[in-house]
There are 2 protein chains.
Amino acid sequence: MRNDKPLSMPEGGCTCFQIRRAARKVTAIYDRHLADVGLTVTQWGLLANLAGKPPTPIGAYAEVMAMDRTTLTRNIKPLLATGLMTLSPGPDRRTRALTLTAEGKAMVRRAYPTWRAAEMEVREALGTKATTALHDTLRTSMALLDAV
Amino acid sequence: MRNDKPLSMPEGGCTCFQIRRAARKVTAIYDRHLADVGLTVTQWGLLANLAGKPPTPIGAYAEVMAMDRTTLTRNIKPLLATGLMTLSPGPDRRTRALTLTAEGKAMVRRAYPTWRAAEMEVREALGTKATTALHDTLRTSMALLDAV
DNA sequence: AACACTAAAGTGCATATGCACCTATTAGCG
DNA sequence: CGCTAATAGGTGCATATGCACTTTAGTGTT
C-alpha cells in the first residue's frame, strides 16, 4: 500500500466535521426564523423545555438539556436579563431553581409558530423520508454514544 | 384534535436541538483526543484541509469549509499565532492567502493518528452500520439543504 | 479622469461552548 | 461537635459562531 498521502479527506470523512457543519446550517435556519421574536434557537429550547416544569435547579436542567452546566449558566443570562425566566432560591441554600415567568410563558406561546415554521422549512427541504431518517439516525447515534 | 398542549417536546422533536446536541457530544470526543497535540477539532480541520492546497484566500477557504467567512477569520487566529499557518498577500491587494507552514505540516502529520483515534472511538461506539447511516444521512441532508 | 458599484477582508457585538478552578453549603462520620 | 466528602453553582479563559457594519481595493461606465 502506498502511503504518501495518508492525510485523506478529513472534511468529507470526518464525522465531527460533518455533524458540526450540519449543526451550523440547521442552526442558521432556525435562528433566522426565531429572530422575528428576538430569540435564538438555544434560548427557544431553554424556554420551551422549562414550560410546565416545576422550579428546576441549574444542574438538573443542564442534564435534561444535555448541556454543560457552565454553558447553561451563561445561556440563561439573556433570558434572566429580559425577565423571561427567574432564579429562585431552592430548598437548599446552594441550589437555585429556574422558573418561567409570565412573560416567559407568553414568549413561548408567541414563538411556537415561529419555531414550527423553521421546523417545517427544514422538513420541506429534506422531504418526509430524509427528515425521518435524520431524526432516527441522530437519536440512535446519540443513544449509542451516551451508553459509552 | 385536542390542542391544549401545543408546545410539545421541542427537545425531542426539534431537529435543530437534536443536531446541536449531537454536535456537542461528538465534538467533546474529538477535542478530548486532539487535546493531546494541543488542537481543537476545528483547528485540526482547518490545518488538515489546507494541507496540499495552494495558497488559498480567506473567502474561498471559508466556502470550502462551509464556514462563515468572519468565523474563519477568527478561527485562524490561534493557528497564525502559533505559526502553523501564514497569511501571505495574494495577487490582489485586497486578498490574503492562507498557507500551511512547515510547522503546520508537521503538526498535521503528528495529529493525524490522534484524529484517527477519535474517529475510531466514535466508529466503535456506533458500530459500522450506524456509522455509515450517520454519514450517509448527514451527507444527503446537507445536500438537500444546500440546494435551497 | 470621476464616480458608482462590486469584491475581499476585518471589527464590534452578542451568543454558545466547555475545561479548570474557585466558593459556599450540606452530608456524613468519627 | 468538628473535620472531611461530596454537591451546587459561578468565574476566568479560550475558542466557536454569525450578523451588521466598516475599510480598502479593484471594475466598469460615461
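Each chain gets a letter, A, B and so on, in the order its sequence line appears, and its residues count up from 1.
Side-chain heavy atoms closer than 4.5 Å link hydrophobic residues (I, L, V, M, F, W, Y) into clusters, and following such links, possibly through other members, connects A:Met85 to A:Val64. By the rule that hydrophobic residues join a cluster once side-chain heavy atoms approach within less than 4.5 Å of another member, A:Met107 and A:Leu80 end up as members of one cluster.
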Go through A:Arg69 and A:Glu63 one step at a time and tell me if the salt bridge (Lys or Arg N to Asp or Glu O under 4.0 Å) criterion holds.
CA-CA 8 Å; A:Arg69 180 183 53 77; A:Glu63 197 151 347; over 6 Å; no
Test salt bridge (Lys or Arg N to Asp or Glu O under 4.0 Å) applied to A:Arg110 and A:Asp36, step by step
CA-CA 10 Å; A:Arg110 186 152 72 94; A:Asp36 291 348; over 6 Å; no
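Taking atom CZ of B:Arg93 as the reference point, atom C1' of C:dA7 lies 15 Å away to the nearest angstrom. Across the protein-nucleic acid pair, B:Ile29 atom CD1 and C:dC19 atom C1' stand 16 Å apart, rounded to whole Å.
Nearest heavy atom pair, residue B:His33 against residue B:Thr114, reads O-CG2, 3.0 Å. Scanning all heavy atoms of the two residues, the minimum distance from A:Tyr61 to A:Gly45 falls at OH-O, 3.9 Å.
Across all strands shown, A:Asp92 has heavy atoms under 4.0 Å from sugar-phosphate atoms exclusively, and none from any base.
Counting heavy atoms from C-beta outward, B:Leu98 and B:Leu87 have side chains that approach closer than 4.5 Å.
Anti is the conformation of D:dA16, whose glycosidic angle sits further than 90° from 0.
Side chain of B:Thr137 to main chain of A:Thr137: no donor-acceptor pair is present (N/O by atom type, distance under 3.5 Å, no hydrogens or angles).
Two end axes, each from the C1' atoms of five base pairs, can be drawn for the helix from C:dA1-D:dT30 to C:dT25-D:dA6; they diverge by 10°, to 10 degrees.
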Would you give a per-nucleotide map of nucleotides 9-18 of chain D, 5' to 3', where B means the base has a protein non-hydrogen atom under 4.0 Å away, S means only the sugar-phosphate does, and - means neither?
BBBBB-SSBB
